[in-house]
Number of protein chains: 2
Amino acid sequence: MSTPVVRPPLADEVVARLRDAVTSGRWGVGEKIPSEPELVAEYKVSRGTLREAVKALAHAGLFEVLRGDGTYVRATSEISGTAQRVYREHLDEDVLQVRFALDTQAARLAAGSADTAVIAELRVLLEKRRESWVSGDYEAWSAADWEFHLLVAQASGNSLLHELYESFGDVFHGTKMVQRLEAGFDGALATGHEELLDAIEAGDGEAAVHTVIANLDYCMGWMPAK
Amino acid sequence: MSTPVVRPPLADEVVARLRDAVTSGRWGVGEKIPSEPELVAEYKVSRGTLREAVKALAHAGLFEVLRGDGTYVRATSEISGTAQRVYREHLDEDVLQVRFALDTQAARLAAGSADTAVIAELRVLLEKRRESWVSGDYEAWSAADWEFHLLVAQASGNSLLHELYESFGDVFHGTKMVQRLEAGFDGALATGHEELLDAIEAGDGEAAVHTVIANLDYCMGWMPAK
DNA sequence: TAAACATTAGACGTCTGATGTTTGTTACGG
DNA sequence: CCGTAACAAACATCAGACGTCTAATGTTTA
């Protein structure tokens, strides 16, 4: 008749529903999602169709499928899995330069939308970061450092920037760990985080950008010779 | 035994082989890949397993599966499909700001690694871009404009930056088309591409960055009021 | 002759059922 | 208390079948 109803593949719809279940928080990160037979019953599709959808999202990094155990939620955004796979295919130097690009923009935007509450939170993180360094707790230092940078990205008010920046997480942490092992790296002083925060508080975007540039120059000095 | 042979899912291996077939150029972009029965015979797996792999890569943007027709190669990198899906979930303003971050870094790096051959190529593209504008061929203008930016990203020498920048392609083109429709947008003059190229040729990274900043400021003025 | 319609072969979409493998748990025996 | 064996749950894979869609080809008709 007159209804040339083009039916989109069922599997695509299942992908969307699974994605929604994650982003809506129905299944939190780390949780195990229902088993295949349960999802088959819920979505009224065959196992094959369901598995195609789960596989697609697993490949994207949203899920991790453990044979004989179950499927777990590993991320809330699809960018992380793909991004991490891509990052590993490039030189550390290239990855760092891209992070720098995002860092610079985050600093610039954060300076433009200064928020006293966020700034106070950033100061707390910076203090924690400093204390961790002097006490030799490198694990805590790395965590606080990353939280600081991530919060700056969030303070930019640009959700895409924040999401992209977050996707660098694991890769950057790995790189940082390597850097820490290099003798002579001073995690407390030469990275200019205090200056960055001051610039953000002052609303001086240009100054904020320059502190980030200085930071990169310092970091690049500790990059392994290619 | 000392060999706890953990066998990774067959589908994952198929994913890798399909990916290699694309990146190695065995199947070029736009080409149709062999049918499912043919691939089943080649990889010695069941159709269900093969489909899981194809679906995963299709979701990642590498393939496009057309029902009743076949499966076509749509990209050589997995980042594009995922990225484009993510971009659409964010404000145009946020996307533009991220592009600006990459643009700035590309300009800075390109200025640092000036190459006479590339610069000549960039001049050609810029000339084509200018001619297209005065002749009113907006299609060609948009294409030349994008090629110019993409070549700058490539000239940065950072393959990850180039890949990420390329992933913006479709989204940016769409945005640019909208901008063009806005009355008063001057594609030939106010975007400072000539100044950018001059700065790159002079090896002046700071100047290159400033032209990009000026460009963004101009573009942001034409953003639809949120 | 050319445009509109009908047919057909190939390709993807989905379902069903069965069997293999891996993992986590539990109960048993030492 | 501990190690091991048996069991159950969950994912992995396979094989076959049928439906539906697309593109190409063939046929009819104005």
Side-chain angles (χ1 to χ4, degrees), chain A residues 1-19 21-22 26-27 30-74 81, chain B residues 1-19 21-22 26-28 30-75 81:
Chain A
M1 263 299 281
S2 61
T3 56
V5 272
V6 285
R7 212 175 341 165
L10 249 184
D12 290 358
E13 190 184 327
V14 175
V15 166
R17 294 185 64 176
L18 289 173
R19 239 171 58 99
V22 172
R26 175 181 166 192
W27 305 324
E31 281 181 46
K32 185 198 289 191
I33 74 175
S35 69
E36 288 179 354
E38 285 176 288
L39 292 175
V40 161
E42 179 179 345
Y43 294 150
K44 307 283 178 53
V45 298
S46 73
R47 282 189 299 286
T49 301
L50 176 78
R51 278 180 56 82
E52 283 180 14
V54 171
K55 255 303 188 162
L57 290 179
H59 186 73
L62 221 63
F63 294 145
E64 182 183 11
V65 182
L66 298 182
R67 196 150 67 178
D69 183 4
T71 301
Y72 295 80
V73 179
R74 290 298 181 230
Chain B
M1 279 283 282
S2 58
T3 55
V5 270
V6 286
R7 201 168 2 157
L10 248 185
D12 290 358
E13 190 186 327
V14 176
V15 165
R17 294 184 64 176
L18 289 173
R19 238 172 58 99
V22 172
R26 174 181 167 192
W27 304 325
E31 282 181 43
K32 185 196 290 191
I33 74 175
S35 70
E36 290 178 355
E38 286 176 290
L39 292 175
V40 161
E42 179 178 346
Y43 294 149
K44 306 284 177 56
V45 296
S46 75
R47 195 171 158 223
T49 301
L50 176 80
R51 278 181 56 82
E52 283 181 15
V54 171
K55 259 295 189 164
L57 291 178
H59 186 74
L62 222 64
F63 294 145
E64 184 183 11
V65 183
L66 297 183
R67 189 176 177 174
D69 183 5
T71 301
Y72 295 80
V73 179
R74 290 298 181 228

Just wondering, do A:E52 and A:P9 contact through their side chains at under 4.5 Å, heavy atoms?
-> no
Does B:Y43 reach the side chain of B:L18, with side-chain heavy atoms less than 4.5 Å apart?
-> yes
Less than 4.5 Å apart, any side-chain heavy atom of A:K55 and any of B:K55?
-> no
Is there a residue in residues 66-73 of chain B whose heavy atoms reach under 4.0 Å of DNA chain C, and which residues are they?
-> B:L66, B:R67, B:G68, B:D69, B:G70, B:T71
Distance check: side-chain N/O of A:R51 vs OP1/OP2 of D:dA12, anything under 4.0 Å?
-> yes
Calculate, to the nearest 0.5 Å, the distance between atoms CG and CZ belonging to B:L39 and B:R47 respectively.
-> 11.5 Å
With a 4.0 Å heavy-atom cut-off, tell me which residues in residues 10-18 of chain B come close to DNA chain D, sorted by residue number.
-> B:L10, B:A11
Nucleotide C:dC12, atom C1' - distance to CZ of B:F63 in whole Å | 15 Å
Got a second to check how far B:R26's CZ is from B:I33's CD1, nearest 0.5 Å?
-> 9.5 Å
Whole Å only: how far is the CG atom of A:L39 from the C1' atom of D:dC11?
-> 12 Å
Have a look at A:K55 and say if it touches a base, only the backbone sugar-phosphate, or nothing, with a 4.0 Å heavy-atom cut-off.
-> nothing
Would you please confirm or rule out a distance under 4.0 Å between OP1 or OP2 of C:dC15 and any side-chain N or O of A:T49?
-> yes
Residue pair B:E64, B:R74: steps toward the salt bridge (Lys or Arg N to Asp or Glu O under 4.0 Å) verdict | CA-CA 6 Å; B:E64 184 183 11; B:R74 290 298 181 228; 2.6 Å; yes
Interatomic distance, A:E52 CD vs D:dC11 C1' [rounded to whole Å] | 16 Å
Any chance you could measure B:E13, atom CD, to B:T49, atom OG1, to the nearest 0.5 Å?
-> 11.0 Å
Please state whether the base of C:dG13 and the side chain of B:R47 form at least one donor-acceptor pair under 3.5 Å?
-> yes
Nearest-nucleotide 5' precedence on DNA chain C, A:P9 against B:E38 = B:E38
D:dC14 C1' sits how many Å from B:E36 CD, rounded?
-> 15 Å
Please give, in whole Å, the distance from C:dG13 C1' to A:L50 CG?
-> 15 Å
May I have the distance from A:I33 (atom CD1) to D:dA10 (atom P), rounded to whole angstrom?
-> 12 Å
Can you check whether B:R51 reaches B:V54 side chain to side chain, under 4.5 Å on heavy atoms?
-> no
Checking side-chain contact (heavy atoms from CB on, under 4.5 Å) against A:K32, which of A:L66, A:D69, A:T71, A:V73 comes through?
-> A:D69
